[in-house]
Number of protein chains: 2
Amino acid sequence: MTTINDIAQMANVSRTTVSRALNNSGYVSEDVRRRIMQIVEETGYMPNQSAKSLRTKRSGVIGVILPRLSTETSTRVVNGINEVLAKEGFQILLTDTELDKQKEIDYIRLLKSRHVDGIILLATNVNEALIQTIQQVDIPVLAIGQELPGVPSLVYDDYHAAADLTNMLVRKGHEKIGFIGVTRDDPSVGVLREQGYRDMMQQHGHQINEAWIGEGDFSIESGYEQVKTILRNSKSDRPTALFAVTDRMAIGAIEYLKEQGYAIPEDIAVVGIGASMMSKYMTPSLTTIDYHNKEAGKQAAHLLLRQLKNEKIDPKFELSYRLILRDSV
Amino acid sequence: MTTINDIAQMANVSRTTVSRALNNSGYVSEDVRRRIMQIVEETGYMPNQSAKSLRTKRSGVIGVILPRLSTETSTRVVNGINEVLAKEGFQILLTDTELDKQKEIDYIRLLKSRHVDGIILLATNVNEALIQTIQQVDIPVLAIGQELPGVPSLVYDDYHAAADLTNMLVRKGHEKIGFIGVTRDDPSVGVLREQGYRDMMQQHGHQINEAWIGEGDFSIESGYEQVKTILRNSKSDRPTALFAVTDRMAIGAIEYLKEQGYAIPEDIAVVGIGASMMSKYMTPSLTTIDYHNKEAGKQAAHLLLRQLKNEKIDPKFELSYRLILRDSV
DNA sequence: CTGAAAGCGCTTACAG
DNA sequence: CTGAAAGCGCTTACAG
């Protein structure tokens with residue numbers, strides 16, 4: 001492996017000068033610079049990043065913490081992040097918490113020890129230990145998806161998205177709307193989306209039968225199981241529409257409904273959130289909310305980059321969304 | 001940031017000893033070890049990885065080069081890789097070539113300069129410059145999806161998968177089978193899959209009308225466009241079945257066929273490859289091949305790990321696949 | 001415009 | 001069982 005010393009020797013200058021030429025810092029005569037660059041070209045020399053990082057305390061690496069590696073949402077966000085960061089010469093160090101709260105914390109510390117310049121955290125829950133760890137490590141962190149106190153956060157407008165979806169169903173004549181949510185440990189998906197639904201139902205004067213409410217775990221299977229339970233428990237007072245807080249759960253629900261011979265949307269309308277690829281191509285196509293995840297990723301990267309430049313940024317950014325009306329309602 | 005020196009001072013030993021205790025190398029008295037570990041616990045000390053890496057030439061990071069960040073295939077493979085690697089304490093440094101051959105090469109060099117211990121390359125093409133670069137950097141590389149000369153490769157059995165699919169269609173009574181492939185720059189998807197199809201057609205004595213053949217670019221849209229062209233150009237001699245070499249292109253094709261009022265599979269049968277999530281939930285559900293991508297990722301990680309331990313491994317591993325028969329045929 | 005020297009935080013022969 | 005010292009490959013005041 002050729003080092004800066006080799007280059008210096010070959011160019012007949014000190015390594016100080018090579019470093020300056022490479023980093024465009026300080027004066028280097030045009031003549032010498034050309035000579036150095038030529039040799040760098042020829043040898044294909046690349047500075048050792050560990051050494052550089054050890055010395056400068058910066059690494060050119062951004063850590064990304066994901067709740068799940070293999071969901072469309074995560075993928076899109078990472079894609080957006082990468083698009084912006086790659087252009088600025090940053091690499092992404094990826095970690096997957098598998099929805100484990102402890103891992104979320106462990107990874108923040110780990111990324112710190114790896115000298116990442118910043119962290120983008122796709123948060124799924126909010127707790128004291130997490131916040132505290134972030135303060136401790138003292139590197140720029142940007143949260144996506146949850147509002148983390150003291151951490152610049154990019155959030156989806158979960159409340160209004162859910163409210164809009166509910167209003168839309170009501171406008172279509174539905175009064176009995178079922179709901180499949182997730183754990184309230186997840187403030188955004190678990191709490192805000194349900195709140196939007198409940199508030200709108202109340203506002204329109206529609207009573208909610210608690211038998212219509214289910215709690216899934218984000219998986220397709222849980223959507224399937226929850227709608228089964230809901231239908232079993234509400235025989236005489238069935239909902240005419242169903243609001244699943246994620247596309248995947250909506251897909252599971254539709255699978256069950258189709259199996260049971262229900263016509264969608266005639267017998268029961270279904271909506272989700274996420275604008276997954278499948279929502280578009282399934283039959284019937286699914287009415288859902290597009291959260292522009294890739295844009296979110298890009299914006300997150302930009303915001304983090306601004307933090308790295310020590311710019312002050314707002315503590316909270318709200319993202320836009322779009323309701324996509326399709327055949328399932 | 002606390003360093004090994006701080007710990008040494010607090011424990012009243014040299015940093016040599018602290019290092020030994022931390023890495024379980026050489027002798028350290030039980031007494032001293034306990035004292036050190038206690039302090040490490042309390043302070044939450046984590047060794048600086050850049051320093052460690054500079055010194056040991058190992059980083060605990062594996063580079064992964066992807067053709068696209070946001071495809072189901074990539075995601076599943078990465079998921080498998082991560083599952084194995086995380087358990088061994090490795091992190092993943094992710095790069096996305098966006099199907100750009102030059103970037104593939106650039107990233108290999110870049111990852112080298114970042115001291116990654118090894119690289120897993122999801123290859124989409126094979127060329128001299130790429131092979132040469134891999135030899136140059138001289139770190140363990142493992143290829144998935146293409147057979148790279150001189151590089152241990154984990155490959156899908158594209159030829160037989162395509163052959164099986166074709167045979168299955170023939171067995172169902174189809175003699176006129178259309179085909180949507182991709183560029184031959186991609187030896188696996190572009191060449192082998194087409195070869196499997198053509199060989200089986202010939203073997204069964206079924207003439208191929210070249211108007212039935214289209215070339216897409218992996219995208220859903222290209223499947224849509226290609227089937228449109230195929231149908232336009234084969235008016236009097238339409239295929240009764242269509243083999244798209246990826247699920248996404250099959251999905252695009254089906255979209256067009258449904259729009260045009262064709263019944264699937266009655267008017268025309270469609271098959272793909274990939275076992276995407278959508279293939280299962282779309283209507284009609286898609287007959288396809290499952291390549292067990294996550295398993296591939298896991299196996300790739302294991303093989304790379306073995307290389308890191310300087311074990312000799314075979315130059316080529318062939319993965320298994322499974323045909324999933326569904327409603328589209 | 002250029003270079004000598006110190007130092008980033010580790011590990012590892014070597015000596016005791 | 002323990003420590004002093006060298007060195008990994010860089011950058012950056014400092015001096016000229």
Side-chain angles (χ1 to χ4, degrees), chain A residues 1-37 39-40 43-61 89 109-117 137 139, chain B residues 1-37 39-40 43-61 89 109-117 137 139:
Chain A
M1 191 70 179
T2 92
T3 73
I4 196 171
N5 284 309
D6 302 329
I7 305 293
Q9 213 172 333
M10 295 166 88
N12 253 308
V13 294
S14 74
R15 61 173 189 256
T16 308
T17 303
V18 175
S19 174
R20 275 197 281 257
L22 253 27
N23 298 298
N24 288 312
S25 59
Y27 295 98
V28 176
S29 71
E30 204 35 54
D31 184 32
V32 171
R33 157 168 278 121
R34 247 198 297 274
R35 190 147 37 105
I36 291 173
M37 285 319 193
I39 294 172
V40 168
T43 55
Y45 165 72
M46 297 209 75
N48 179 314
Q49 291 296 330
S50 303
K52 204 164 174 164
S53 167
L54 176 58
R55 182 58 226 246
T56 62
K57 307 289 181 203
R58 288 181 295 101
S59 62
V61 175
R109 309 182 62 106
L110 183 87
L111 290 171
K112 163 83 173 184
S113 83
R114 290 203 178 272
H115 268 184
V116 298
D117 296 335
V137 295
I139 47 179
Chain B
M1 191 70 179
T2 91
T3 74
I4 196 172
N5 284 309
D6 301 331
I7 305 293
Q9 213 172 333
M10 293 164 89
N12 252 310
V13 293
S14 74
R15 61 175 188 254
T16 307
T17 304
V18 175
S19 175
R20 276 199 279 257
L22 252 26
N23 298 299
N24 287 312
S25 58
Y27 296 99
V28 175
S29 71
E30 203 35 56
D31 183 33
V32 171
R33 157 167 279 121
R34 247 198 297 276
R35 189 145 37 102
I36 291 173
M37 286 318 193
I39 294 173
V40 168
T43 56
Y45 165 73
M46 298 209 74
N48 179 316
Q49 290 296 330
S50 302
K52 203 162 174 164
S53 165
L54 176 59
R55 181 58 225 245
T56 61
K57 307 288 180 204
R58 287 183 296 100
S59 62
V61 175
R109 309 183 62 107
L110 183 87
L111 289 171
K112 163 84 172 183
S113 83
R114 290 202 178 275
H115 268 185
V116 298
D117 296 335
V137 296
I139 48 180

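Computed from a prediction, not measured in an experiment: that's the story for all the values here. The chains referred to below are lettered A, B, ... by the order of the sequence lines, with proteins before strands, and numbering in each begins at 1.
When the C1' atom of dG3(C) is taken as reference, atom CG of Asn5(A) falls 13 Å away, rounded to whole Å. Taking atom CZ of Arg20(B) as the reference point, atom C1' of dA4(D) lies 11 Å away to the nearest angstrom. Taking atom NZ on Lys57(B) and atom P on dC10(C), their separation rounds to 17 Å, with Å as the unit. As a whole-Å value, the separation of Arg33(B) CZ from dC1(D) C1' is 11 Å. Atom CD of Glu30(A) is separated from atom P of dC1(C) by 10 Å (rounded to the nearest Å). Atom C1' of nucleotide dG9(D) and atom CG of Asn23(A) are separated by 13 Å, given to the nearest angstrom. At whole-Å resolution of the value, CZ in Arg58(B) and P in dG9(C) are 21 Å apart. As rounded to whole Å, 10 Å separates atom C1' of dC10(C) from atom CD of Gln49(B).
In this structure the side chain of Val28(B) never reaches within 4.5 angstrom of the side chain of Arg34(B), judged on heavy atoms. Looking at heavy atoms from C-beta onward, Arg109(A) lies in side-chain contact with Met46(B) at the 4.5 angstrom threshold. In this structure, the side chains of Ile36(B) and Val13(B) come closer than 4.5 Å at one or more pairs of heavy atoms. Considering only heavy atoms from C-beta on, Asn12(A) comes within 4.5 Å of Arg35(A) through its side chain.
Scanning DNA chain D for stems, defined as runs of 3 or more consecutive Watson-Crick or G-U wobble pairs whose donor-acceptor distances all fall under 3.5 Å, gives the following ranges: C:1-3 with D:14-16, C:5-12 with D:5-12, C:14-16 with D:1-3.
Of the two residues contacting DNA chain D, namely Leu22(A) and Ser14(B), the nearest-nucleotide position lying further toward the 5' end is that of Ser14(B).
Comparing dC10(D), dA6(D), dG3(D) by their nearest atom to the side chain of Arg15(B) picks out dA6(D). For Ile4(B), counting side-chain heavy atoms from C-beta on, the closest listed nucleotide (dG9(D), dT11(C), dT2(D)) is dT11(C). Checked against dT11(D), dC1(D), dG3(D), the side chain of Thr16(B) finds its nearest nucleotide in dG3(D). Checking dA4(D), dG9(C), dT11(C) against every side-chain atom of Leu54(A), the shortest atom distance belongs to dG9(C).
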*With side chain to side chain donor-acceptor pair (under 3.5 Å) as the test, would you mind laying out the steps for Ser59(A) and Ser53(A) before giving the verdict?*
CA-CA 5 Å; Ser59(A) 62; Ser53(A) 167; 5.1 Å; no
*Mind running side chain to side chain contact (heavy atoms under 4.5 Å, CB included) on Asp6(B) and Tyr45(B) for me, showing each step along the way?*
CA-CA 9 Å; Asp6(B) 301 331; Tyr45(B) 165 73; over 6 Å; no
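Applying the 4.0 Å criterion to OP1 and OP2 of dT2(C), one finds that Ser29(A) has a side-chain N or O inside that range. Within the structure, a side-chain polar atom (N or O) of Thr17(A) is placed less than 4.0 Å from OP1 or OP2 of dG3(C). Side-chain N/O atoms of Ser19(B) include one lying less than 4.0 angstrom from OP1 or OP2 on dT11(C). Contact annotation: Lys52(B) reaches the phosphate of dT11(C) (side-chain N/O to OP1 or OP2, under 4.0 Å). Of the side-chain N and O atoms in Tyr45(B), none sit less than 4.0 angstrom from OP1 or OP2 of dG9(C).
Summarising the geometry, atom CE belonging to Met10(A) is positioned 6.0 Å from atom OG1 belonging to Thr43(A); distances are rounded to the nearest 0.5 Å.
Between Ser14(A) and Thr17(A), the side chains place a donor N or O and an acceptor N or O closer than 3.5 Å (distance only, hydrogens not considered).
Residue contacts for Thr3(B): at a heavy-atom cut-off of 4.0 Å it reaches the sugar-phosphate backbone alone, with no base atom in range.
With hydrogens and angles left out, the side chain of Arg55(A) and the base of dG9(C) share no donor-acceptor pair within 3.5 Å.
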